[in-house]
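Lettering of chains follows the sequences in order, A, B, ..., and the numbering in each one begins at 1.
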Amino acid sequence: MTSKGDGLPVLEAAYREHSDYVFGVCLKFAGGDRDWALDRTHDVFIRLHDNLRSLETDSDLRPWLRRVAVNECLMDLRKRDRRTRLLRLFGRGLEPQQAAAPPGSERQVALRRDRAHLDVAVAALPAQQRVLLGLMYFEGETLTEAARLIGVSKGQASKLHRRALEALGTREWEGKA
Amino acid sequence: MSAREPQLETPEEARERLQAEAHLSAVERDRLWRRIEYGAARGGPRTRLSRPLLWAPALAAAAATLAILLLGDEAPPTPQASTPDPCTLDARRAQLELPAHCAPQTLQMNGDEWRVEASTRVEREPEGARVVSGRVRFRVAPRPGAARFRVRVSHGQVVVIGTVFRVEQRTEGGSVHVSEGVIEFVWSDGQRERVSAGGTLSWPRETEPETEAESESEAEAESETETEPEVDMDRVIGRLLQLRSQRRHDEAARLLRETLRAPGLTRRQRERISYELGLTLEASGASACAHWRRHHARFGAGLHAAELDARLERCNAP
């Protein structure tokens with residue numbers, strides 16, 4: 001459709017139209033870390049730029065952007081999980097309650113009014129569980145659709161969901177699966 | 001987590017809150033676009049601004065400043081636009097300066113830890129940092145492959161191999177003190193020196209690199225072996241750090257003994273490996289007195305005089 005050089009106007013138009021949407025998707029997996037969500041939004045639009053030639057930019061980009069945003073967030077969280085494990089291996093691990101949290105984990109204890117933020121609590125989970133819960137509880141996806149988006153079977157997603165709720169220490173939302 | 005269970009938001013509350021927060025401010029939107037525009041214009045591999053491009057915060061800060069200037073009064077007030085507390089360092093900034101009256105600050109920098117003391121100015125660089133003045137203690141996470149964290153100072157740079165060390169830069173000179181692991185100091189003229197745990201290196205040089213005690217032929221031999229080392233010291237040190245962190249002290253000691261037997265090492269390298277072997281034996285819980293005595297007999301007080309003296313004193317105590 002366009003070369004990379006002259007794709008910038010198209011990219012900018014898409015950015016102006018969809019940046020809030022993409023940012024909103026990323027924010028749901030960010031565990032309260034706004035900067036992290038901004039970084040992932042950046043990655044999504046760079047990916048869009050890389051794929052401008054093969055995409056029909058006249059059609060609705062949102063499904064594609066959402067899928068890429070979920071992938072980008074999941075990949076980054078997995079990388080962070082690996083890094084946390086590696087740091088622990090070198091004896092440089094963070095304290096257990098901090099280890100699974102993203103940078104900006106000081107926000108882990110962020111409270112608004114007298115309520116602990118659910119997304120911050122979810123941030124302490126491994127990457128797949130975190131994204132699965134984000135999709136199901138913040139994005140309103142079914143277990144089946146969330147499983148498809150993160151690339152696991154429904155059975156596997158069900159296990160991830162159960163473990164995540166166990167880790168969170170709550171079962172009050174189990175009926176939503 | 002269970003203690004906080006009754007206070008946890010419901011998913012509906014969280015969703016509402018997240019929806020309300022999912023809005024980019026004008027400054028955020030503009031700053032992010034400039035980052036994307038830059039990354040897209042570069043083409044080729046995707047631009048990851050989170051980690052490899054450590055100068056990105058400088059670009060982002062510049063873009064934010066530009067955006068504020070361009071938007072003028074129309075820009076909504078944001079945290080970036082407010083006057084920052086000088087005693088609270090922003091880890092995203094390219095230049096960090098902690099005034100004299102402030103308490104030390106510990107920053108998490110992409111997995112590394114920087115403890116910045118008062119009256120310190122330090123700059124982030126693509127491969128690490130530059131200590132312009134003052135004192136910073138770095139705790140550096142191991143890098144994959146050949147990547148190395150580097151700290152530039154007035155007379156050279158510290159090349160790090162997964163370690164904890166403190167850099168002090170004064171007006172005329174400075175020093176690096178290593179608490180854990182090993183660093184390599186690369187002088188501005190290209191000469192390299194390794195400093196291991198417990199060691200300190202100061203700049204500028206007070207003496208010539210080669211000591212007078214070494215014979216001419218030995219110095220010549222060292223010069224040859226330094227250009228073509230037969231032992232991959234980076235690999236040895238990397239493996240040593242790994243084994244130590246896993247508390248596999250027996251294997252670490254075996255590695256060091258094998259390395260000591262390898263040909264082509266300089267006297268200094270042997271001394272440092274022997275010193276590391278002593279530390280490893282101590283860490284394993286074994287008595288290292290016999291080793292320290294042999295070390296002293298072979299190398300004298302050497303590079304770790306103070307630490308060696310203290311250990312021998314303890315060994316000789318009744």
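For chain B, the option among Tyr21(A), Phe45(A), Tyr15(A) with the highest count of heavy-atom pairs below 4.5 Å is Tyr15(A).
Residues Glu12(A) and Glu37(B) are not in side-chain contact: their nearest non-hydrogen atoms beyond the backbone lie 4.5 Å or more apart. Taking 4.5 Å as the limit, every side-chain heavy atom of Ile36(B) sits out of range of all side-chain heavy atoms of Thr41(A). Side-chain contact between Phe23(A) and Leu32(B) is absent, with no heavy atoms from C-beta onward closer than 4.5 Å. Counting heavy atoms from C-beta outward, Asp20(A) and Arg29(B) have side chains that approach closer than 4.5 Å.
Salt-bridge annotation for Asp39(A) and Arg35(B): present, with a side-chain N of the basic residue lying under 4.0 Å from a carboxylate O of the acidic one. In this structure, Arg15(B) does not pair ionically with Glu139(A), as no charged nitrogen and carboxylate oxygen lie closer than 4.0 Å.
When all heavy atoms of Ala22(B) and Gly24(A) are compared, the pair lying nearest together is CB-CA, 3.4 Å. Nearest heavy-atom pair, Leu24(B) versus Arg34(A), reported as atom, atom and distance to 0.1 Å: CA-NH2, 4.2 Å.
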